[in-house]
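Notes follow the structure.
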Amino acid sequence: MPELPEVETTRRGIASCITNRQITDVIVRQRNLRWPVPFRLRKTLAGQTISSIQRRGKYLLLSMQSGTLLIHLGMSGSLRVVPANLPAEKHDHVDIVFDNHSVLRLRDPRRFGAMLWTQQNPLQHKLLKDLGVEPLAKDFTAEYLFNAARKRKVAIKQFIMDSHIVVGVGNIYANEALFLAGIRPTIAAKNLSLPRMQQLVTAIKLVLKDAIRSGGTTLRDFTRGDGRPGYFRQQLNVYGREGDPCKRCGTPIKLIRQGQRASYYCHRCQR
DNA sequence: ACTTCGACCTGTTGGC
DNA sequence: TGCCAACAGGTCGAAG
């Protein structure tokens with residue numbers, strides 16, 4: 001579920017509920033996420049106040065007096081603020097309890113997510129320090145992408161999904177952005193001209209902004225527990241549409257595999 | 001420095 | 001209906 005738009009929507013959705021709230025308790029039901037949830041997390045967090053919640057890539061950064069809690073939602077994670085008396089369900093692994101008896105609850109069926117504590121500058125943390133640019137920031141430009149692609153023979157789709165180049169472009173939006181830009185996902189990154197990179201950069205920003213705009217709907221549907229985001233799904237041009245007609249030219253959408261991920265594209269519109 | 005691939009998990013879906 | 005394989009929105013880290 002979580003690509004950058006969902007993570008950003010989550011951040012915005014919980015920010016006002018948790019900032020300036022004091023933590024009174026932490027309940028860890030399952031510590032085996034991607035990396036173990038810190039053993040003494042309850043001891044570490046109790047009594048601290050969350051001063052802000054920021055996002056870097058798909059990581060959420062909860063700032064407190066003595067450090068930062070890093071949260072990644074992996075493939076299936078979600079965060080919700082619920083009343084403390086709402087019973088935890090099967091995959092509700094961590095509760096952060098606040099002084100007003102609300103709870104920040106992490107749910108993650110596949111457990112590819114993470115919750116880590118760091119006392120250093122979080123941007124210097126091992127997992128964050130080598131991340132690429134933010135796709136919606138001004139420094140994500142055609143020139144940047146073009147320069148980064150020199151000598152890179154990897155396919156452009158895998159290239160834009162590489163978080164060391166640019167963060168937050170997941171499989172759905174990589175497919176969608178390449179369609180909008182008219183670029184075939186298999187082209188070697190180094191073979192794209194600067195103007196085509198400009199089209200791609202523009203498409204990535206557009207797709208992510210649109211998705212954030214409809215992210216609220218996506219999130220609400222998801223957290224309600226009925227899975228797929230109905231609203232956003234209707235905006236998809238290629239993802240999940242194998243064999244269906246291209247919305248621009250009618251040619252059946254193709255499905256291939258790149259690096260064990262599904263790539264959908266129009267053989268005619270994308271060259 | 002770059003590329004490929006296995007690994008981590010559970011839940012859902014589609015074919016037989 | 002049951003069973004099994006394939007697949008799912010991520011990304012790290014080892015090995016080549």
Side-chain angles (χ1 to χ4, degrees), chain A residues 1-10 29-37 55-60 70-79 89-94 106-116 125-132 135 147-178 186 188-191 204 207-208 210-212 214-215 217-223 225-233 235-236 238-243 255-264:
Chain A
M1 138 74 167
E3 291 207 33
L4 185 147
E6 285 80 10
V7 177
E8 177 61 19
T9 303
T10 296
R29 302 182 187 83
Q30 166 63 274
R31 57 185 349 111
N32 295 321
L33 305 187
R34 175 152 202 193
W35 294 283
V37 175
R55 179 187 59 75
R56 175 74 176 102
K58 295 174 189 168
Y59 289 89
L60 289 169
L70 303 176
I71 300 175
H72 196 289
L73 298 177
M75 280 286 238
S76 59
S78 61
L79 278 174
E89 295 182 28
K90 189 174 180 184
H91 298 293
D92 292 338
H93 304 315
V94 181
L106 173 68
R107 174 178 298 182
D108 187 3
R110 292 181 71 180
R111 289 193 260 135
F112 286 178
M115 183 176 282
L116 299 168
H125 188 275
K126 181 186 176 187
L127 293 172
L128 304 191
K129 67 180 173 58
D130 293 321
L131 290 179
N147 288 334
R150 295 310 83 205
K151 299 180 182 174
R152 295 296 301 271
K153 68 173 194 179
V154 69
I156 188 61
K157 174 164 178 265
Q158 286 155 289
F159 187 67
I160 60 174
M161 289 180 70
D162 181 348
S163 64
H164 299 104
I165 305 298
V166 54
V167 295
V169 183
N171 199 35
I172 292 176
Y173 301 124
N175 279 300
E176 295 299 312
L178 286 164
T186 50
K190 63 178 182 177
N191 290 342
I204 289 171
V207 160
L208 293 179
D210 278 356
I212 289 173
S214 61
T217 305
T218 302
L219 184 69
R220 226 176 301 123
D221 285 345
F222 179 78
T223 53
D226 42 77
R228 293 304 185 89
Y231 178 67
F232 186 74
R233 204 177 180 180
Q235 300 180 43
L236 298 178
V238 288
Y239 186 84
R241 298 191 64 244
E242 183 197 7
L255 168 61
I256 61 171
R257 289 218 159 252
Q258 295 181 280
Q260 292 132 329
R261 310 301 297 276
S263 293
Y264 301 87

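Order of the sequence lines sets the chain letters (A, B, ...), proteins ahead of strands, with each chain counted from 1.
Listed nucleotides C:dG9, C:dA8, B:dT10 differ in distance to A:Ala262; the shortest reach to its side chain belongs to C:dA8. The side chain of A:Val154 lies closest to B:dT3, out of B:dT3, C:dA8, C:dC12. Candidate nucleotides B:dG11, C:dG10, C:dC12 were compared by shortest atom distance to the side chain of A:Ser163, and C:dC12 ranks first. Ranking B:dG11, C:dC12, C:dG9 by closeness to the A:Arg34 side chain, first place goes to C:dC12. Of the candidate nucleotides C:dG13, C:dG10, C:dA8, C:dG10 has the atom nearest to the side chain of A:Met161. Of all nucleotides listed (C:dC12, B:dT10, C:dG10), C:dC12 comes nearest to the side chain of A:Tyr59.
Counting any heavy atom pair closer than 4.0 Å across all strands shown, A:Arg152 reaches sugar-phosphate atoms only and no base atom. Counting any heavy atom pair closer than 4.0 Å across all strands shown, A:Phe159 reaches no nucleic acid atom. Among the heavy atoms of the strands lying under 4.0 Å from A:Lys153 are primed sugar atoms or P, OP1, OP2 only; no base atom is included. At a threshold of 4.0 angstrom between heavy atoms, the contacts of A:Lys190 with the nucleic acid are absent.
Put simply, A:Arg110 has no side-chain N or O that comes within less than 4.0 Å of OP1 or OP2 on B:dG11. The side chain of A:Tyr239 places an N or O atom within less than 4.0 Å of a non-bridging phosphate oxygen (OP1 or OP2) of C:dG9. A sub-4.0 Å separation between OP1 or OP2 of B:dA1 and a side-chain N or O of A:His164 is absent.
Between the A:Asn171 side chain and the A:Ala262 main chain, a donor and an acceptor come within less than 3.5 Å of each other. Counting only distance, with no hydrogens or angles, the side chain of A:Arg111 and the backbone of A:Asn32 share a donor-acceptor pair below 3.5 Å. Checking side-chain atoms of A:Glu89 against main-chain N and O of A:His91 turns up no donor-acceptor pair under 3.5 Å. For the pair A:Arg31 (side chain) and A:Val37 (backbone), a donor-acceptor distance under 3.5 Å is present. Side chain of A:Glu242 to main chain of A:Tyr264: no donor-acceptor pair is present (N/O by atom type, distance under 3.5 Å, no hydrogens or angles). Although no hydrogens or angles enter the test, the distance criterion places no donor-acceptor pair under 3.5 Å between the side chain of A:Glu3 and the main chain of A:Val169. Remark: side-chain polar atoms of A:Arg241 are not paired, donor with acceptor, to backbone N or O of A:Gly243 under 3.5 angstrom.
In this structure, A:Phe112 does not count as stacked on the base of B:dC9 under the 5.5 Å centre distance and 30° plane angle limits.
Straight-line distance from the NZ atom of A:Lys58 to the C1' atom of C:dT11: 9 Å, rounded to whole Å. One atom, CG of A:Asp162, and another, C1' of B:dT4, lie 13 Å apart when rounded to the nearest Å. The nearest whole Å value for the distance from the CE atom in A:Met75 to the C1' atom in B:dT12 is 13 Å. Rounded to whole Å, atom C1' of B:dC9 lies 15 Å from atom CG of A:Leu73. Here C:dA6 presents its C1' atom at 14 Å from CD of A:Glu242, a figure rounded to the nearest Å. Straight-line distance from the CG atom of A:Asp92 to the P atom of B:dG11: 12 Å, rounded to whole Å. Atom CG in A:Leu127 sits roughly 8 Å away from atom C1' in C:dC12 (whole-Å rounding). Taking atom NZ of A:Lys90 as the reference point, atom C1' of B:dC9 lies 12 Å away to the nearest angstrom.
Across the interface with DNA chain C, nearest-nucleotide mapping of A:Arg257 and A:His72 shows A:Arg257 to be the residue nearer the 5′ end. Both A:Asn32 and A:Gln260 lie close to DNA chain B; mapped to their nearest nucleotides by heavy-atom distance, the more 5′-ward contact belongs to A:Gln260.
Using the Watson-Crick or G-U wobble rule with both distances under 3.5 Å, C:dA6 pairs with B:dT12.
Between the base of B:dC9 and the side chain of A:Arg111 there is no donor-acceptor pair shorter than 3.5 Å.
Comparing B:dG6 with C:dC7, their P atoms sit 14 Å apart, to the nearest whole Å.
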